[in-house]
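Here the structure is laid out as structure tokens; the discussion comes afterwards.
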2 protein chains.
Amino acid sequence: MDGAELGWELSTAVVLFHEAVARRLGLNAADHKALGIITRNGPLPAGALAAELRLGASAITALVDRLERAGYVRRVTDPGDRRRVLVCADTSGAPDLGAIFADLGREMSALMTKYDERELAAIGDYVVNTIAVLKAQTARLSESE
Amino acid sequence: MDGAELGWELSTAVVLFHEAVARRLGLNAADHKALGIITRNGPLPAGALAAELRLGASAITALVDRLERAGYVRRVTDPGDRRRVLVCADTSGAPDLGAIFADLGREMSALMTKYDERELAAIGDYVVNTIAVLKAQTARLSESE
DNA sequence: ATGTATATTTCATTGTATTGAAGTAGTCTG
DNA sequence: CAGACTACTTCAATACAATGAAATATACAT
């Protein structure tokens, strides 16, 4: 199996895993992606989320409503500017998420014990660079729209 | 940066790249996924696609309509069973797709030249096993639905 | 041949997310 | 303090894809 095909398989597996996680959380793909951004980029104002998702303001209100109703997110009015609403990942709803990823983490850890120092370094380097390439290509595809 | 975080970054990058490709092709995420299955699994009957996507028969008709209208796919009646409609990826629409992935392929190839034999073997093994783990976890998440 | 089963399509309906306009509340400038 | 601006929400209209039932065409069994 050559590199391109392997890459294709990996990306398919990643996408399907994401979808499975979303289904398990009771979210659609778009909302799951939004939750990822919120979880990752810490509390962020609704407007920033709109910009990130290239979505209108009212769509964000509806989206945050859904996530809040499902218990994955909280609204907190920004103390600095009370017009703003900060969207925070609600970690009390996160046991769910923890259980989902615990197995994955365990299996990946087990996998990594197979490799020696130098191999681990190569793998790490490969992953870091692959991320960079994907980001660059994503940017290239998105720029001329 | 630890393994879990790196894995999270990689999967995010993969998902965003997929979305960017879909946007560029003028497809939504679901249709892009379907096109992937069709491209990969060769010509396949509409019913098989329905099973794969866990979608109703009529939804498939609409989906194939969209892909056909966009020029990515053709309908061919199965000569063996003329009730069946085989859905074929239309490679004449594929220059698009080739151009999109050419850059990615080139950059990834360039990246791989950095590693020696043993490192390449480790990386390949890592990718293969990661795919296996992701598939297993996806199955686990999907089973008890 | 006839009848039953299968594969896909068509159509009307439903569900769900997005848009755009108007409204509300808060901030900033002069 | 007044006026202009910004951030979000609400609401009605719209777009889109999925569903389920009925229709069409083909295959298979007796």
Side-chain angles (χ1 to χ4, degrees), chain A residues 15 18-20 22-23 25-38 41-70 72-90 145, chain B residues 15 18-19 22-23 25-38 41-70 72-90 142 145:
Chain A
V15 170
H18 260 250
E19 284 178 13
R23 262 202 310 280
L25 295 177
L27 300 173
N28 61 33
D31 289 2
H32 180 214
K33 178 180 160 194
L35 180 56
I37 292 172
I38 296 163
N41 299 357
L44 83 175
L49 200 54
E52 191 83 27
L53 297 171
R54 303 188 182 193
L55 234 47
S58 53
I60 296 299
T61 299
L63 189 154
V64 176
D65 283 349
R66 291 192 295 272
L67 290 178
E68 195 172 39
R69 215 175 309 126
Y72 294 117
V73 129
R74 281 193 327 269
R75 280 182 165 93
V76 179
T77 49
D78 184 339
D81 179 347
R82 301 212 309 288
R83 290 168 303 181
R84 279 207 181 86
V85 169
L86 298 176
V87 185
C88 309
D90 186 344
E145 269 178 288
Chain B
V15 170
H18 260 251
E19 284 179 12
R23 263 202 310 279
L25 296 177
L27 301 173
N28 62 32
D31 288 2
H32 181 213
K33 178 180 159 195
L35 181 55
I37 293 171
I38 296 163
N41 299 357
L44 83 174
L49 201 54
E52 192 84 26
L53 297 171
R54 301 186 182 198
L55 232 49
S58 53
I60 296 298
T61 299
L63 188 153
V64 175
D65 283 348
R66 291 193 296 273
L67 290 178
E68 197 173 37
R69 216 175 308 127
Y72 294 118
V73 129
R74 282 193 325 272
R75 279 181 165 94
V76 179
T77 49
D78 185 338
D81 180 346
R82 301 214 308 287
R83 289 170 302 182
R84 279 204 179 87
V85 169
L86 298 176
V87 185
C88 309
D90 185 344
S142 305
E145 270 176 289

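The sequence lines fix the lettering, A, B, ..., with proteins before strands; numbering per chain opens at 1. Only a predicted model underlies this, so the values are computations on that prediction, with no experimental measurement involved.
Applying the side-chain contact (heavy atoms from CB on, under 4.5 Å) criterion to A30(A), with sequence neighbours excluded, gives N28(A). Contacts of A22(B) classified as side-chain contact (heavy atoms from CB on, under 4.5 Å), with partners at least two apart in sequence or in another chain: H32(B). Remark: A48(A) engages L44(A), P45(A) in a side-chain contact (heavy atoms from CB on, under 4.5 Å) (not counting sequence neighbours). With sequence neighbours excluded, no residue forms a side chain to side chain donor-acceptor pair (under 3.5 Å) with R74(B). For V64(B), the side-chain contact (heavy atoms from CB on, under 4.5 Å) partners at least two apart in sequence or on another chain are L49(B), I60(B), V73(B), R75(B), V87(B).
You'll find the side chain of I38(B) stays beyond 4.5 Å of the side chain of Y72(B), heavy atoms only. Put simply, the side chain of L67(B) does not reach to within 4.5 Å of the side chain of D90(B), judged on heavy atoms.
Put simply, CG on L49(A) is 14 Å from P on dA7(D), counting in whole angstrom units.
A sub-4.0 Å separation between OP1 or OP2 of dC8(D) and a side-chain N or O of R75(A) is absent.
Note on A57(B): a base of the nucleic acid sits closer than 4.0 angstrom, heavy atoms only.
Residues from residues 26-35 of chain A placing a heavy atom under 4.0 Å of any atom in DNA chain D do not occur.
Within the structure, the salt bridge (Lys or Arg N to Asp or Glu O under 4.0 Å) test picks out the following pairs touching residues 25-38 of chain B (sequence neighbours left out): E19(A)-K33(B), D31(B)-R66(B).
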Letter per nucleotide, 5' to 3', of nucleotides 19-27 of chain D [B base touched, S only sugar-phosphate touched, - untouched; heavy atoms, 4.0 Å] | BB-----BS

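The footprint of chain A on DNA chain C, defined by a heavy-atom cutoff below 4.0 Å, extends from dA17(C) to dT27(C).
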